[in-house]
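Note sheet for the following structure.
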Amino acid sequence: GGKGTGIIGAVNYLSEKGMNAFSFLPMNIDGDDKNVFPYISDSQDDFQRIDVSKTAQWEIVFEHADHMGMFLHFKTQETENDQLLDEGELGPERTLYYRELIARFGHHLALNWNLGEENSNSDDQRRKFFEYFAATDPYHHPIVVHTFTGAKDVVYEPLLGVDSFHGASLQSRPENVFEDTVEWVLRSTEAGQKWIVSNDEQGDAQTGVLPDAEDPDHEIIRRDVLWGNIMGGGAGVEYYFGYAHDDSDLTCEDFRSRDRMWDISRYALDFFTDNAIPFWDMVSESDRVAREDAWCLSQANGDVFVVYLVGGGSTELGLLDQSGSYAVRWYDPRNGGPLYDGSVNQVVGGGTRSIGSAPADADQDWVVLIRRGDGLISFPEPTPVPTNFPSIEPSMSGSEEPSEEPSELPSGAPTASPTLEKSSSPSSSPSFGPSLVPSFQPSMTPSNDPTSPPSTQVSLAPSVAPSGLPSLLSSNFPSIAPTDG
């Protein structure tokens, strides 16, 4: 009675906060926590005996995650146990483990297979692992690997340009997230197989992302990690909870300990979705801005630029190769909300142009949207629901002709219509209590006053794409999530 509702409630809560992914270890024998494995026991004698009751219970969580729009990040092993199965080789124990994961969970809408956290297998072993996944997984989900902060070249360089390998699960110090992301997106692109590059662990093992009680503004994580990965052309972030603080990666039982961090992360997603920014067609191009602490994303055709001012202030944007006029609008990444007018509302192509200064708090970080034209966005009107339908009744005699005129529905008859309102039904978890039917309620009233309430209120349940990449409006939207570490 009620067993397991806590983890369902955790998924509900993360989805309600606008998050769209979470990561986990299906097997951590000999690892940090030593309490998760798909076998009937953690004895090596049982490494070829799967506990099907246990995996069926996992499936309940994963199926619910699908309904809540969550991407599943399978970290298949961790550094303490990556030599455990078949002494690190691709033998009968490891192939059984991989095949069970694929057969039981590969059907889920959005996931990736991570070959290991802080992986210490050899390059030859890793190649055999991802080749097995590529050959066995009928859904062709992305395959990535995580490694130590200082081992990126050793692990990733031999994998560049390999068709059946898809990305880097980066561990970086916060101040290096942007440059690490740019480096591996660029190097993989130049090698002919552009990678999914996410930041899945940040900072030292003791710290990571602190609880709100210790770091309510999360300035370093917001600025250097979240926006650093996005502006570097990355696929998004997952947050590691350091073990030297409360609610760590081993002890956290309540994701509300980082409630403010989830809000800050959602603001980043809202910026791209609410403003219809084509992030999938944009690349990091920070040589267009005149400051080292300013980053720029550019659309291929030059219609849209996004500038992130890490330390506030202003900068100039290189538009020498562009023509026409551009609208300039400002977004507050600390509090979300609408776009604001700054000191400059419009620039023209053909030179290097100042984007002006922020509407307020000029010493804080700001996001600047520079869009060709007037900057206005048109959202399509919803299709109206018909109010009357033709009456179609079976003939009892076979001689009657159907009426050519539609009949009106009687007054008070029930009709089917879509609703964007939240469900009033209680959550399946009393611990968190989020709605199971998130709403999307944009207000189209513009506001240029940074002190006014936000004009757009959104509770998002991100969609997922069959390609296995997390998304809100496209198949490769940045994922933002808690990580197991």
Side-chain angles (χ1 to χ4, degrees), residues 178 222-223 226-228 230-233 267-379 442-456 458 473:
F178 173 75
R222 179 191 72 241
R223 182 189 63 202
L226 172 61
W227 283 95
I230 293 174
M231 296 303 294
Y267 301 152
L269 298 178
D270 289 351
F271 170 72
F272 287 92
T273 57
D274 293 356
N275 298 295
I277 296 170
F279 52 85
W280 57 90
D281 191 33
M282 303 180 79
V283 296
S284 185
E285 204 173 29
S286 292
D287 55 353
R288 283 189 179 270
V289 289
R291 288 172 45 181
E292 289 187 3
D293 62 344
W295 303 326
C296 178
L297 282 177
S298 305
Q299 189 177 9
N301 63 6
D303 280 353
V304 179
F305 299 91
V306 174
V307 173
Y308 181 71
L309 299 170
V310 182
S314 183
T315 190
E316 294 181 333
L317 178 65
L319 296 173
L320 188 63
D321 58 338
Q322 303 298 325
S323 61
S325 63
Y326 289 81
V328 181
R329 300 290 183 269
W330 294 69
Y331 182 77
D332 181 355
R334 304 171 304 283
N335 300 295
L339 298 177
Y340 301 116
D341 289 335
S343 63
V344 172
N345 293 335
Q346 189 178 64
V347 295
V348 295
T352 300
R353 312 300 185 196
S354 172
I355 61 174
S357 55
D361 300 322
D363 60 338
Q364 298 294 314
D365 56 323
W366 282 88
V367 184
V368 189
L369 173 60
I370 302 99
R371 189 192 299 271
R372 200 191 303 269
D374 58 15
L376 297 179
I377 308 166
S378 297
F379 289 91
S443 166
M444 301 312 296
T445 305
S447 172
N448 293 322
D449 180 4
T451 64
S452 67
S455 64
T456 302
V458 183
L473 294 179

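Both backbone and side-chain heavy atoms feed into the values below; hydrogens, waters and symmetry mates do not. The model shown is predicted, which means the values in this text are computed figures rather than measured ones.
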What's the verdict on salt bridge (charged side-chain N to carboxylate O under 4.0 Å, His left out) for Asp321 and Arg288, showing C-alpha distance, side-chain angles and the deciding distance?
CA-CA 11 Å; Asp321 58 338; Arg288 283 189 179 270; 2.8 Å; yes
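In this structure, Val289 and Ala294 approach most closely via the heavy-atom pair CG2-O, 3.3 Å. The shortest non-hydrogen separation linking Ala290 to Thr315 is N-OG1, 3.2 Å. The shortest heavy-atom contact between Pro333 and Arg222 is O-CD, 3.8 Å. Of all the heavy atoms in Gly233 and Ser284, the pair that sits closest is N-CB, 4.3 Å. Shortest non-hydrogen contact noted between Gly337 and Tyr331 is O-CE1, 3.1 Å.
Each of Asp374, Val348, Val347 was compared with Ser325 under the side-chain contact (heavy atoms from CB on, under 4.5 Å) criterion, and only Val348 meets it. Of the listed residues (Leu369, Leu297, Ile370), just one forms a side-chain contact (heavy atoms from CB on, under 4.5 Å) with Val304, and that residue is Leu369.
Rounding to the nearest 0.5 angstrom, the gap separating the CH2 atom in Trp366 from the CD1 atom in Ile355 is 12.0 Å. Atom CD in Gln346 sits 11.5 Å away from atom CG in Asp341 (nearest 0.5 Å). Considering CH2 of Trp227 and OH of Tyr267, their distance stands at 13.0 Å, rounded to 0.5 Å. Here CG of Asp293 is found 11.0 Å from CG of Asp365. Values are rounded to the nearest 0.5 Å. Interatomic distance, Asp361 CG to Arg334 CZ, rounded to the nearest 0.5 Å: 5.5 Å. Distance check: Ile230 CD1 to Phe279 CZ gives 10.0 Å after rounding to the nearest 0.5 Å.
Aromatic pair Tyr308/Trp295: ring centres closer than 6.0 Å.
Residues Leu317 and Tyr326 fail the side-chain proximity criterion, which asks for heavy atoms closer than 4.5 Å. Within the 4.5 Å cutoff, no side-chain heavy atoms of Phe178 are placed close to those of Val310. Met282 places a side-chain heavy atom less than 4.5 Å from the side chain of Ile277. Annotation: side chain of Arg371 is not in contact with side chain of Val328 (no heavy-atom distance under 4.5 Å). Side-chain contact between Cys296 and Phe305: present, with at least one pair of heavy atoms (C-beta onward) separated by less than 4.5 Å.
With hydrogens and angles disregarded, a donor-acceptor distance shorter than 3.5 Å links the side chain of Arg291 to the backbone of Ser314. Distance alone, capped at 3.5 Å, places no donor-acceptor pair between the Arg353 side chain and the Leu319 backbone.
Not counting sequence neighbours, the partners of Ser357 by the side-chain contact (heavy atoms from CB on, under 4.5 Å) test are Ser343.
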